[in-house]
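Below: one structure, written as structure tokens.
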Amino acid sequence: MQSKDEILVSEWLDECRMPATRNLYSRYIKAFRQWYKKPLAEFLALEPKEMRHTALCFQNEQVSSGSKSNTVRSMVTALGSFCSQNGKPLPLRGKRLRLQIDLDSHAFSNGDLSSMFDVANTQEKAILATFTSLGWEVSAILKLKRGRMNSLIAKARQDKAEYVYFQDQRDRKSTRLNSSH
């Protein structure tokens with residue numbers, strides 16, 4: 001039999017569209033539960049100011065323990081999503097960690113990309129080709145409109161084209177403004 005916490009988490013995760021999001025959010029809420037050491041129902045029962053204080057203490061302790069800022073930001077995002085799903089929005093405006101540029105991730109060489117492309121399925125090849133062609137960071141790619149991309153792909157299929165070509169411009173917050181694809 002599932003506990004009330006397990007039911008709350010399960011219902012929340014069931015509403016996540018992507019399996020990767022469910023997996024990541026599951027890990028993040030588990031980390032919060034381990035830190036909080038009380039049932040999530042008790043956290044949800046707190047007054048908004050207490051919830052905010054608790055979430056910010058969690059955030060700050062995660063940073064102090066050496067977790068990367070972007071990971072901690074994602075953890076707090078997951079917690080906020082969980083709270084909102086349960087009718088208790090988490091008011092963290094202005095207190096969440098800012099996104100940081102990733103300076104220590106692996107820089108892929110052409111050999112790395114070629115090896116990944118060799119073993120990738122069709123969808124994975126399309127993702128790799130898109131990322132390398134655009135040269136944008138992940139957040140900018142995620143802002144591409146799915147409907148627009150689907151229509152470009154459909155047109156390419158109709159025209160029996162091997163590639164999809166489009167011109168686009170990232171928002172002004174990005175460092176590189178113009179790109180052709």
request  = Flag the pair Asp118 / Ser114 as yes when at least one side-chain heavy-atom distance between them is below 4.5 Å, and no otherwise.
outcome  = yes

remark   = Rounding to 0.5 Å, atoms CE (Met51) and CG (Leu46) come to a distance of 7.0 Å

task = Mind listing the closest non-hydrogen atom pair of Pro89 and Ser84 along with its distance?
result = CA-OG, 3.9 Å

task = Check Ala41 against Asp5 and note the closest heavy-atom contact, atom names and distance.
result = N-OD1, 3.3 Å

request  = Working to the nearest 0.5 Å, report the span between OH of Tyr25 and OG of Ser74.
outcome  = 7.5 Å

task = Identify whether Leu144 and Met18 are in the same connected component of the hydrophobic contact network (ILVMFWY, side-chain heavy atoms under 4.5 Å).
result = no

query = Judged by atom type as modelled, is there a donor-acceptor pair below 3.5 Å linking the side chain of Gln62 to the main-chain atoms of Gln59?
reply = no

Distance, nearest 0.5 Å, that separates CZ of Arg33 from NZ of Lys38 = 15.0 Å

ask   = If you measure from CH2 on Trp35 to CE on Met75, what distance do you get to the nearest 0.5 Å?
value = 11.0 Å

task = Taking atom NZ of Lys125 as the centre, report whether more than 12 heavy atoms of other residues, nucleotides or ligands fall under 6.0 Å from it.
result = yes

inquiry  = Less than 4.5 Å apart, side chain to side chain, heavy atoms only: is that true for Val164 and Thr130?
reply    = no

query = With a 4.5 Å limit on heavy-atom distance, are the side chains of Val119 and Ser115 in contact?
reply = no

request  = List the steps and the verdict of side-chain contact (heavy atoms from CB on, under 4.5 Å) for His53 and Lys49.
outcome  = CA-CA 6 Å; His53 175 75; Lys49 186 176 178 180; 5.8 Å; no

key: Heavy-atom donor-acceptor pair, Asn86 side chain to Lys88 backbone, under 3.5 Å   = no

task = Identify the two heavy atoms, one from Arg146 and one from Arg17, that lie closest to each other, and give their separation to 0.1 Å.
result = NH2-NH1, 3.4 Å

inquiry  = Evaluate Ile7 against Ser3 for side-chain contact (heavy atoms from CB on, under 4.5 Å), listing each step before the verdict.
reply    = CA-CA 6 Å; Ile7 292 169; Ser3 71; over 6 Å; no

ask   = About how many Å separate NZ of Lys145 and OG of Ser151, when rounded to the nearest 0.5 Å?
value = 13.0 Å

ask   = For the residue pair Phe32 and Phe58, does the interplanar ring angle fall in the parallel (under 30°), tilted (30 to 60°) or perpendicular (over 60°) class?
value = perpendicular

inquiry  = Between Ile29 and Trp12, is the side-chain contact (heavy atoms from CB on, under 4.5 Å) condition met? List the steps.
reply    = CA-CA 11 Å; Ile29 205 72; Trp12 165 61; 3.8 Å; yes

message = Between Phe43 and Thr54, does the side-chain contact (heavy atoms from CB on, under 4.5 Å) criterion hold? Intermediate values first, please.
response = CA-CA 8 Å; Phe43 177 70; Thr54 302; 3.8 Å; yes

query = Are Leu44 and Cys83 close enough that some pair of their side-chain heavy atoms sits under 4.5 Å apart?
reply = yes

note = Rounded to the nearest 0.5 angstrom, the CD-CZ distance for Glu11 and Phe82 is 9.5 Å

ask   = Between Asn23 (side chain) and Pro19 (backbone), is there a donor-acceptor pair under 3.5 Å?
value = no

key: Closest non-hydrogen atom pair, Ala55 against Leu90   = CB-CD2, 3.8 Å

query = Around atom CD of Glu42, are there more than 12 heavy atoms of other residues, nucleotides or ligands at under 6.0 Å?
reply = yes

